[in-house]
Structures are given as C-alpha cells and as structure tokens.
Amino acid sequence: MGKIIKIVSNRYTVYSEGQSYDAIAMGKLRLQDRPVVGDEVEFELIEEQYCIQKILKRRNQLYRPAISNVDQAMIVMSAVEPDFSNILVDRLIFLISYNDIEPVIVITKMDLIDETNEINQYIEDYKKSGYKVICTGFGDDLTELKETLKDKVTVLAGQSGVGKSSLLNRLDKRFSLQTQEISKALGRGKHTTRHTELYQVAGGWLADTPGFSSLDFSRIDSKLLIEKLKDFRVDDSCRFNDCQHINEPDCAVKRGVEDGTVSSLRYKNYLDVVPLCNQRKEWEL
Ligand SMILES: Nc1nc2c(ncn2[C@@H]2O[C@H](COP(=O)(O)OP(=O)(O)OP(=O)(O)O)[C@@H](O)[C@H]2O)c(=O)[nH]1
Ligand SMILES: [Mg+2]
Ligand SMILES: [Zn+2]
C-alpha cells in the first residue's frame, strides 16, 4: 500500500512508510481509470520493477488540478499580478465544494497593495459567508498557513503566476521549486510548474500544481451544487424544498440578499455559474 505523490508522463512516484518508489502503472489500470496524484494504491515488485496494481476507492477527487483524497483545497489568488478576481474565487469554491472538499482562500502578494485596496472588502465578504481567508505577502509570517496545513492533505489551486510554488518555497527553506515572474505583456504567469506533486510540509501534505487557464463545469449538476454550498443550501426557509434561489417566489436566499445577510456579490456569481453547469464548453479565464 502506498500513495501516489508525483506523476510525470507515465512515471509514478509512490510513497510508502517513509520511502519513495519509482513505479509504473499496469496497462489494464490506465485503461480503467487513470491514476492521479493522491491515489492510495497497491503496488508490488515484479521483475525488478515496481508496478501499481490497484487504485483504492477515492474519498474525493478534483479534476483541475487532478488530485484525489484531499482534506482541503487552497484557492490561491494574488491581490495583483495577475489581478484579483472574485468571479474566479467563487467558481473555484463551487467546483471544490461540489467535490466534497473544503475550500480555503489564500490571497498572496498582499505586500503589493495597501489597506485601502478594495480587495479588503472582498476578503470581509468571504469571511462573513463562512470561508477561511488567509492573506500573505513577502515578509509576512506564515504561522496561520502552517497551522491550517498541519495534519491535512491540501492542494493548491490557482491560475499561473499567483505564487503557488513560491508559497512552498517560503514554507520550507529546503525547497527550491522553480518560480517565474509573470509576463508583463500578458499580465499572467507562464505555466512554470508542469506537474502535480505532493510534498511533506508543515506537518501535513501539500500539493503544488500547474496553473490552469480554463475551468470545466460539465460534471456539475446545479441542483446538487446548492446542497454543497454552505451559504446557499436550502433549508426550511425557502418555500420550495427544491428551490434553486433563481426565480422561485418566497426564497430565503433572495430575501437574504435584500436585507444584507447574504452577499449580493456571491449571489450574482452563483446565478452566473448556473448556465455553465452541465455544459460541454469550458470557461476560459
Ligand atoms: N511581491 C510578491 N511576489 C510574489 C508573492 N508570491 C509570489 N510572488 C512572485 O510571483 C511570481 C510567480 O510566482 P510562482 O510561485 O512561480 O507562481 P505559480 O503560481 O507557482 O505559477 P505556475 O507554476 O505557473 O502555476 C514570482 O515572480 C514570485 O516571486 C508575494 O507574496 N509577493
Ligand atoms: Mg508553480
Ligand atoms: Zn431559495
């Protein structure tokens, strides 16, 4: 038994009891269900080659970045360079929560803005909606981040250039993961990290991942999505027990938006994502 901690093309690194093994996946396995980082696997030595024989049932799974069996996903978003996007934060919250993974918002590059920046209002909004937000910048102390990582398996999710690899390098001085300045011309990162890998950090496991440039809502059923969102879940307060909080009369969420107990910004982001659910077309960042 072991855990896949790294995949580069068809070379797998399996971690088991303090040791890492270089392994391949049996052909039948790759056809059934491609192994992903985070998978718990059975593997054995066959003719001097470690072979992954079986993937155990996944506790949960995220598709972009591809990873399984995580406790939480950190949505890494920079305050600037690339610009902060509440739409992207919410869309990631939707995808992550849908897959039964706890989202945590991490805002990087806080050293590049001042207290009056409007980002601080977004931060308040997410906190009020019940999400954990960790702000960090060069020179900041990482205690809160470390406490959040302890004893957990965490994946970093965010577009290219937001500072995912930089976070790992700052968390543990032994790392020297490649990082790269964002492109002045494009205003975004250049996909410096090319593969997903789990590292032992701060008493837990943390996965660095490649940045993505589109998101896929094709697997999302919007009715199920509501059940997974802590601030939009249907309870007795909506008239209909299958209320989607869109056009239904006597809806508690819409009432909440009117009286300020539900964030209007987050509600708008929810309404905008509903038409994308179950659709083949990806959302390009
Ligand atoms: N000022 C400042 N710069 C940062 C911070 N975090 C990262 N950077 C810079 O942002 C740039 C991109 O950082 P990376 O760590 O390579 O970003 P990434 O998210 O790993 O990008 P990909 O691997 O392409 O997905 C680098 O030049 C970093 O030095 C921060 O908190 N403050
Ligand atoms: Mg990186
Ligand atoms: Zn409702």
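As the structure lists them, so they are numbered: ligands from 1, and atoms in each ligand from 1. If you read the sequence from its start, that first residue is 1, and numbering goes on from there.
- Enclosure of atom CD in Gln49 by more than 12 non-hydrogen atoms of other residues, nucleotides or ligands within 6.0 angstrom is indicated.
- Checked against a 3.5 angstrom limit, the closest N/O atoms of Asp208 and ligand 1 fall outside it.
- For the pair Lys109 and Phe84, the cation-pi test (distance below 6.0 Å, angle within 45°) is failed.
- Residue contact check: Gly211 has heavy atoms under 4.0 Å from atoms 25 (O) of ligand 1.
- Looking only at protein heavy atoms, the nearest one to atom 32 (N) of ligand 1 is Asp111 OD1, 2.8 Å.
- Neither the backbone nor the side chain of Asn169 comes within 4.0 Å of ligand 1, counting heavy atoms alone.
- Sparse packing is recorded around NZ of Lys54, with 12 or fewer heavy atoms of other residues, nucleotides or ligands lying under 6.0 Å away.
- Considering Gly139, Ser166, Pro65 only, the shortest heavy-atom separation from atom 13 (O) of ligand 1 involves Ser166.
- The contact set between ligand 1 and Leu112, taken as ligand atoms under 4.0 Å from a residue heavy atom, comprises 1 (N).
- Residue Phe138 belongs to no hydrophobic cluster, having no ILVMFWY side-chain heavy atom closer than 4.5 Å to its own.
- Cation-pi contact between Arg219 and Tyr63: present, with separation from the ring centre below 6.0 Å and deviation from the ring axis of at most 45°.
- To the nearest 10 degrees, the Zn ion (ligand 3) sees SG of Cys251 and SG of Cys243 at an angle of 110°.
- When the shell of 6.0 Å around CG of Asp114 is examined, it contains more than 12 heavy atoms from other residues, nucleotides or ligands.
- The shortest N or O to N or O distance between Thr179 and ligand 1 is not under 3.5 Å.
- Listed by atom number, the atoms of ligand 1 under 4.0 Å from Ser165 heavy atoms are 15 (O), 20 (O).
- Considering each of Gly163, Gly137, Ser213, Gly161, the one bringing a non-hydrogen atom nearest atom 21 (O) of ligand 1 is Gly161.
- For atom 29 (O) of ligand 1, the closest heavy atom belonging to the protein is Phe138 CZ, 3.6 Å.
- When you scan the N, O or S atoms of His245 for the one nearest the Zn ion (ligand 3), you land on ND1.
- Checked by atom type, the side-chain pair Thr193/Ser165 shows a donor-acceptor distance below 3.5 Å.
- No salt bridge links Lys223 with Asp242; every basic N to acidic carboxylate O contact stays at or beyond 4.0 Å.
- Heavy atoms from other residues, nucleotides or ligands lying under 6.0 Å from CD of Glu115 number 12 at most.
- Close approach to Val162 involves these atoms of ligand 1, each under 4.0 Å from a residue heavy atom: 17 (O), 19 (O).
- Defined by atom type and a distance below 3.5 Å, a donor-acceptor pair is missing between the side-chain atoms of Ser85 and Arg91.
- The ligand atoms of ligand 1 that sit less than 4.0 angstrom from a heavy atom of His191 are 24 (O).
- Distance from atom 11 (C) of ligand 1 to its nearest protein heavy atom, with residue and atom name: Gln180 O, 3.3 Å.
- Here Thr193 reaches the Mg ion (ligand 2): one of its N/O/S atoms is less than 2.8 Å from the metal.
- Geometrically, ligand 1 and Lys190 share no nitrogen or oxygen pair separated by less than 3.5 Å.
- Using a 30° and 60° split on the angle between ring planes, Tyr50 and Phe43 fall in the tilted class, from 30° to 60°.
- Of the protein's heavy atoms, Lys164 N, 3.5 Å lies nearest to atom 18 (P) of ligand 1.
- Asp208 has no carboxylate O lying under 4.0 Å from a charged side-chain N of Lys6, or vice versa, which leaves the two without a salt bridge.
- With sequence neighbours excluded, the residues forming a side-chain contact (heavy atoms from CB on, under 4.5 Å) with Lys190 are Gln180, Ser183, listed by chain and number.
- Contact annotation: Thr192 places no N, O or S atom under 2.8 Å from the Mg ion (ligand 2).
- In terms of polar-atom proximity, defined here as any N/O pair under 3.5 Å, Thr136 makes no such contact with ligand 1.
- Contact of the Gln72 side chain with the Pro103 side chain is not registered, since no non-hydrogen atoms from C-beta on lie closer than 4.5 Å.
- Considering only non-hydrogen protein atoms, atom 31 (O) of ligand 1 sits nearest to Lys109 N, 3.1 Å.
- In terms of N/O distances under 3.5 Å, ligand 1 is not approached by Ile182.
- Ligand-side atoms of ligand 1 in range of Glu181: 27 (O), range being under 4.0 angstrom from any heavy atom.
- For a threshold of 3.5 Å applied to N or O pairs, the pair formed by Ser160 and ligand 1 contains at least one separation below that value.
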